[in-house]
Amino acid sequence: MSTVPAEIAGIGPTSLKLRVSPGFDPLKAAVGPDEYFLLSRIDGNQTIRSVLLDSGLPIERGIAIVTRLRSIGALLLPGESAAPAPASMPSSMAAPRTAPAPPPRAAAQGTKPTTQHSLGHDLRLANPTPEEVAALAEDSELDDTERRMILTLERLLAKNDPYMLIGVSQGADAKTLKRAYFLLSKEIHPDRYYGMKLGSFAARTSRVFEEVSRAYARLTSPASTRGSGSHQAVRVPTQDQPQTPQAYAAELFDRACQLEVGGDALNAMKLFAACVRMDPQIKYLRRATSCALAAGQPRTAVEYAQKAYLLAPNDVSSARLLATAFRHAGKLSEAEEVLVMAMALKSENDVLTAELRHDLAEVRRMLANP
Amino acid sequence: MASDKVIGIDLGTTNSCVSIVEDGTPSVIPNRGGYKTTPSMVAIAENGKRLVGHIAKRQAITNAENTVYAAKRLIGRKWGSAAVRSSLEIMPYRIVEGPHDDVRIMLRDQVFSVPEVSAYILQEMKLISEEYLGEEVQKAVVTVPAYFNDGQRQATKDAGRIAGLDVIRIINEPTAAALAYGFGRNIERKVAVYDLGGGTFDISILEIGNGVFEVISTAGDTFLGGEDFDRRIIDWLVFGFEKQHGIDLRKDKMALQRLKDVAEKAKCELSSVKETEINLPFIISTGRNEALHLQTMLTRDKLEELTSDLIDRTVEICARTLEEAEIQKSQIEDVILVGGMTRMPRVQSAVAEFFGLEPCKGVHPDEVVALGAGIQGAALTDEKSDILLLDVTPHSLGIMIVGGYFHKLIEQNTTVPTSEQHVFTTVKDNQTSVKILVLQGESDRAEENELLGEFVLTGLRRAPRGEVEIEVMFHISADGIVSVKARDLETGLEQSITVTATSGLTEDEIKKMVEANKDYMVEVRSGQEFDKARHAAEKALEEIEGLFPSVTDIIAGSDFGQDAVKKARAVVERTRQAIAAKDLTTLTEATEALNRTLNMFRGVVSKTRG
């Protein structure tokens, strides 16, 4: 799932609460259906973040809509009394529905990027080191601009700042980031220099591209295991969160249950995962376990069941759920162990005891004839 | 005069296709017969002559045993693999075991390796393009299914070399299709490529923008394709015939080849009509010298019923791929259909239903892959080209660590070129060498993955286990070549290899190597993690030991009390052993069970007290 960025370019932090401009007429502005939908969710009490999350639209799409609504004067920032002058009032439905054009450097669309000026970096390479001077003078088929570009990027690697390396400002939105990454890749991917004599630049180009693509992976999927160092820049700081984690988890839980009932176990799993991560309650964990089983993800089921079981030492039914998860994951001896322990606990509930006994018999039978 | 032009070849399971980019325009080159695709068939005629393409196909019925089709299903595979086993039963030609656990094909007492057979097809494609261009062609980009492993890719490259072609790049079929789809259009969108060909199914998700094609995720099944659909029809025909006449048509190679032909034809026809007649006169003769005929109707509904599980399988793979890439269906803005099988109406509707949008009709499913290969060839060699492909590695790469586990260094779907390193350590006191086994795959167990290569780093200083640090570095270049380097961090001593896949080892052999090479093993440098885990385990052990007497008193009398106490003792023992063995993986597993026991103990005690 995409995360809501901390900030939206041209508007501000997503923790802001927007209001609908009193004089705004959606009919006259000819907004589209999903724009109208989002507009209807903006009541002055919700932060941008929660509006985006609640809408159910892809986050990027939501951001694009908010940006557009703002650009046509539909939305007011806190403290504003009148809408800013509309940038250019779109007169028809054919108006651009995406985020406003990115800064000029990323706007060189459709033409071959022959000028490096289109990148968001300062490529002059001030005060070259002796090693860099040698590289600039080397026998290689690259021209001077290309060499300076690669050496500049090589210098940036040490800074360990993925935004700076890709050449966008901190917290840039997904689209800007992608465009800048694509543009930069076109300049530095080793395939661009296929079959050319490169000297030391063969290794340099490859290394620079690898780091750029690693930086991009890091920024686009924060959970990515790629690369070292944990950059939290794209995560929303906790103090900006509009809801307590518990309240948000409860909401996610409800939505997940609805999805699960609707038969969409796979998507329900995603919400359950987020929900139990935020608030690992036994109720959530148990429901997530059965959903994981339904979705055919026994390993995840074991993980959740394990947590639920640890939270409720006395609870025989949690033990049974864990045993079931183990069984589905093919871990029969673990299942047996848990069931034996649970039997020893002696539940007052006869039905449950009978079920446990039945499960145990079954597991033992499976263990005997693998 | 030799040309510096690069052709693009789609080496398909059933048909192959070649293309070239001229003056910035990619086009498919027709063969002598005027067809844009050429059957991927090779035969040896009675006079010993080699036949390729349409002529091979035409004589296939009368010369079934000496006509190879679907060689792509066998390329780069091991003799012992399930894929080869199932081919043995259904292919009319003779498949025999090669000297390196590989597969060979026997045609008229001559033995051919699979890359040789594929080379004859590549050579035919080379000839077709040379006739068209009027000059010799030496370079090619060849496509393979996205899910081909390194061994299969290498075997395809070898086939190129045998055919006299320098295969400058191997690219994935769905990626090639996306290149052709996005070529010359200024688009910015996320697309899915659903590629159901003759023998393989692939799904890829790409992001296209500003001439850049970024592969986000790719997956597939190398044993699911049009041939399987044909086989369902053949099975149905054979079954019906057997019920009626009590004769198994599969026993007769010529009958089988005729069935195959008619099944494929019926399948294609049912894409445009609702029912078709299957008519095979004189299909076989009975013992009493009396000829039998096969005549029946096949409806589209019946075909869909026979093959619905195959289509479901492709949709499941789509769902899994999207999930793994953390992409919502709604983010996909276009679906490109590739491969002849996507002409089947049920396939189209299943795809439309899953993605919630009508698949793109703008590309020709049989030609689009070859066009993409040609476009990539031009992108690499033509300065004017403005296309860049950001491809990924389809499988994870790593090394084997102690216990026969697989430690990943590079995750699947990582953009190439890429490199990654990790520090490992010795597992024995005074261990002076380590063996680095380079593996590819997704399983935690080393033997379930493919072995790409191995080398030994010797001359380590004598030291207690865990003290010598070895850094292992992986690098995948833009053209997919893997190199691995291992370095003793203290002495700087280094060993490296460039991996060229060999398909010469079986799982058993790797298992044996795990045993035989225990002295060489490395383990993950994770002393701190282990200490932390041990500390936690020891604390839990202490508490459990304290609770044991009272818990035993309380539960010993219950039905399963004795059993439970026994289990608990076993868990405690296992944890102790894991601590003694200093093995983080087993300790982690044991601690899980230990915590469950502790949990239960606490429960028992609190229950009686409260």
Side-chain angles (χ1 to χ4, degrees), chain A residues 1-2 57-58 60-61 98 106 108-113 175 178-179 181-183 185-186 189-192 194-195 206-207 209-210 213-214 216-217 221 223-227 266-267 269-270 306 309-310 312-315 319 322 334 336-346 353 357 360, chain B residues 168-169 186 188 207 209-212 214 319-320 323 326 328 330-331 376 379-381 384-386 388-390 410-411 414-420 475 477-479 551 554-555 558-568 570-571 592-593 595-604 606-607:
Chain A
M1 259 205 300
S2 21
L57 292 167
E60 276 76 58
R61 178 82 190 109
T98 49
Q109 295 274 322
T111 52
K112 185 164 173 70
K175 201 158 222 166
K178 184 192 76 191
R179 286 185 176 156
Y181 169 60
F182 278 12
L183 213 57
S185 296
K186 265 181 145 173
H189 192 284
D191 276 359
R192 189 186 144 89
Y194 183 87
S206 185
R207 196 164 87 92
F209 174 76
E210 283 168 28
S213 102
R214 199 190 306 269
Y216 182 64
S221 55
S224 164
T225 49
R226 276 188 75 191
L266 281 176
N267 279 317
M269 268 321 291
K270 287 185 197 155
Q306 194 106 253
Y309 181 61
L310 290 179
N314 272 331
D315 193 304
L322 177 58
E334 279 88 346
E336 193 214 358
E337 174 206 307
V338 172
L339 287 169
V340 167
M341 300 266 187
M343 288 300 290
L345 267 178
K346 258 194 177 169
T353 310
R357 196 180 291 274
L360 184 59
Chain B
I168 64 167
R169 185 66 57 89
N186 190 10
E188 185 168 358
E207 178 94 53
N210 194 15
V212 178
E214 184 201 15
R320 216 172 52 221
E323 193 193 353
E326 295 185 358
Q328 319 280 327
S330 57
Q331 286 173 270
Q376 175 67 356
L380 290 175
T381 54
K384 291 193 291 293
S385 171
D386 186 32
L388 175 68
L389 172 60
L390 296 178
I410 296 178
E411 292 281 337
T414 301
T415 305
V416 293
T418 187
S419 43
E420 209 61 68
H475 181 255
S477 70
D479 40 11
V551 170
I554 299 164
I555 65 172
S558 75
D559 283 4
F560 283 83
Q562 295 294 351
D563 272 14
V565 170
K566 233 190 284 166
K567 291 259 176 220
V571 169
E592 252 181 37
N595 282 334
R596 280 200 302 270
T597 309
L598 176 59
N599 198 42
M600 179 260 186
F601 274 25
R602 283 183 188 148
V604 170
S606 72
K607 211 171 179 179

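Chain A is the first sequence line, chain B the second, and so forth, proteins listed ahead of strands; every chain is numbered from 1. As a basis for the values below, the full set of heavy atoms in this structure was taken, side chains included, without hydrogen atoms, waters or symmetry mates. Source: prediction; values computed, not measured.
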Measure the [atom1]-[atom2] distance between [X] and [Y] for me, rounded to the nearest 0.5 Å.
X        : Y        : atom1 : atom2 : value
B:Ile168 : A:Tyr194 : CD1   : OH    : 4.0 Å
A:Arg192 : B:Leu380 : CZ    : CG    : 13.0 Å
B:Leu390 : A:Lys186 : CG    : NZ    : 10.5 Å
B:Glu420 : A:Arg214 : CD    : CZ    : 4.5 Å
A:Ser185 : B:Glu214 : OG    : CD    : 7.5 Å

Per-residue contact mode, [X] against chain A (heavy atom under 4.5 angstrom):
X        : value
B:Val416 : backbone
B:Gln562 : neither
B:Ala570 : neither

Contacting moiety of [X], where chain B heavy atoms sit under 4.5 Å:
X        : result
A:Leu360 : side chain
A:Phe209 : side chain
A:Arg207 : neither

Is it true that a side-chain atom of A:Lys178 and a backbone atom of B:Gly209 form a donor plus acceptor pair closer than 3.5 Å?
no
Donor-acceptor contact below 3.5 Å, side chain B:Asn599 vs main chain A:Tyr309:
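Between the backbone of A:Tyr309 and the side chain of B:Asn599 there is a qualifying donor-acceptor contact (under 3.5 Å).
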Please evaluate residues B:Arg169 and A:Asp191 with respect to the criterion side chain to side chain contact (heavy atoms under 4.5 Å, CB included), reporting the C-alpha separation (whole Å), side-chain torsions for both, the decisive distance (0.1 Å), and the verdict.
CA-CA 11 Å; B:Arg169 185 66 57 89; A:Asp191 276 359; 2.8 Å; yes
Verify the distance criterion only: is there a donor paired with an acceptor across the side chains of B:Gln331 and A:Arg61 at less than 3.5 Å?
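No, no side-chain donor-acceptor contact under 3.5 Å.
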Between A:Glu334 and B:Arg596, is there a side-chain N and carboxylate O pair less than 4.0 Å apart?
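The answer is no: the pair does not qualify as a salt bridge.
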Check this for me, if you would: do A:Lys270 and B:Glu326 make a salt bridge, where the nitrogen-to-carboxylate-oxygen distance has to be below 4.0 angstrom?
no
Run the side chain to side chain contact (heavy atoms under 4.5 Å, CB included) test on B:Glu323 and A:Met269 for me, step by step, so that the C-alpha distance in whole Å, both residues' side-chain angles and the decisive distance to 0.1 Å come before the verdict.
CA-CA 11 Å; B:Glu323 193 193 353; A:Met269 268 321 291; 5.5 Å; no
Looking only at non-hydrogen atoms, find the nearest pair between A:His189 and B:Pro417 and report the distance.
NE2-CD, 3.7 Å
Test of understanding: with side chain to side chain donor-acceptor pair (under 3.5 Å), list the residues that count as partners of B:Ser477, not counting sequence neighbours.
B:Asp479
Between B:Ala478, B:Ser330, B:Ala564, which residue shows the highest count of heavy-atom pairs closer than 4.5 Å to chain A?
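Heavy-atom pair counts peak at B:Ala564.
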